[in-house]
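Chain A is the first sequence line, chain B the second, and so forth, proteins listed ahead of strands; every chain is numbered from 1. Predicted, not measured: the structure shown is a model, and the values here were computed from it. Excluded from the calculations below are hydrogen atoms, water molecules and symmetry mates; all remaining heavy atoms, backbone and side chain alike, are included.
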Amino acid sequence: DTGVSQDPRHKITKRGQNVTFRCDPISEHNRLYWYRQTLGQGPEFLTYFQNEAQLEKSRLLSDRFSAERPKGSFSTLEIQRTEQGDSAMYLCASNQNREKLFFGSGTQLSVL
Amino acid sequence: QQQVKQSPQSLIVQKGGIPIINCAYENTAFDYFPWYQQFPGKGPALLIAIRPDVSEKKEGRFTISFNKSAKQFSLHIMDSQPGDSATYFCAASVTSGGGADGLTFGKGTHLIIQP
């Protein structure tokens with residue numbers, strides 16, 4: 001599969017726990033994006049990387065959210081001290097230019 | 001502030017009909033307008049996109065109409081099929097110059113094509 005890969009597909013956690021999601025973009029893509037999608041809504045932009053540089057992080061929902069892309073390849077999104085309101089689908093996407101964004105299937109997070 | 005407003009929220013069309021989904025935007029700096037299709041449990045997939053220097057674009061059964069002065073664009077699906085039943089999102093972004101990147105999405109339209 002040469003598409004955007006996300007792991008895990010589903011994550012159930014208890015409130016207050018930390019969670020980390022991984023995204024592997026399409027190999028030749030230098031841009032990587034994280035979005036959050038809640039039920040009945042469109043994806044909401046969180047942050048993006050060009051290679052290993054995080055160029056936009058002001059839209060991360062709180063300081064409990066952080067993302068890394070240490071070698072310009074895969075990326076991780078971490079949520080610390082999860083809250084029930086963090087329950088959502090977390091989507092990763094990648095592209096080579098600023099168009100034609102390709103999405104993964106997402107990680108569905110449920111915070112109990 | 002919702003920068004991209006999408007309507008209707010849901011739509012039911014008979015097979016072979018032409019569903020039309022509309023979007024309006026506020027930010028005149030937007031210069032790229034894609035439409036995405038999403039099936040349950042999957043991420044959004046790019047269908048078709050347009051830039052504001054073109055008033056219409058067709059790809060297969062999908063057509064985007066763009067009205068720059070009205071800041072509106074719409075998706076038409078010709079000869080709709082039950083397999084087109086999905087949620088459709090319009091989006092917009094600024095692709096030139098610096099500043100924040102990332103697509104701004106509408107809230108989506110849940111489309112059902114009845115056999």
Does any backbone or side-chain atom of B/Q38 lie under 4.5 Å from a heavy atom of chain A? Answer side chain, backbone, both or neither. side chain

Under a 4.5 Å heavy-atom cut-off, does chain A meet the side chain of B/P44, its backbone, both or neither? both

Chain B contact via A/L91 - side chain, backbone, both or neither, heavy atoms under 4.5 Å: side chain

Does any heavy atom of chain B fall under 4.5 Å from the side chain of A/E44, the backbone, both, or neither of them? neither

Under a single-linkage definition using a 4.5 Å side-chain heavy-atom cutoff for Ile, Leu, Val, Met, Phe, Trp and Tyr, are B/F66 and B/W35 assigned to the same hydrophobic cluster? yes

Side-chain heavy atoms nearer than 4.5 Å, only ILVMFWY residues, links allowed to pass through others: does that put B/I77 and B/I20 together? no

Hey, is [atom1] on [X] packed in by over 12 heavy atoms from elsewhere, all under 6.0 Å?
X	atom1	answer
B/I112	CD1	yes
B/Q9	CD	no
B/Q114	CD	yes
B/R61	CZ	yes
A/L39	CG	no

Of the non-hydrogen atoms in [X] and [Y], which two are nearest, and what is the gap between them?
X	Y	value
A/L101	B/L46	O-CB, 4.4 Å
A/K100	B/Y32	N-OH, 3.1 Å
B/K42	A/S105	CD-OG, 4.0 Å
A/P43	B/F105	O-CD1, 3.4 Å

If you count heavy-atom pairs within less than 4.5 Å of chain A, which of B/G108, B/G43, B/G41 leads? B/G43

Could you check which of A/M89, A/Q108, A/Q37 has the highest count of heavy-atom pairs closer than 4.5 Å to chain B? A/Q37

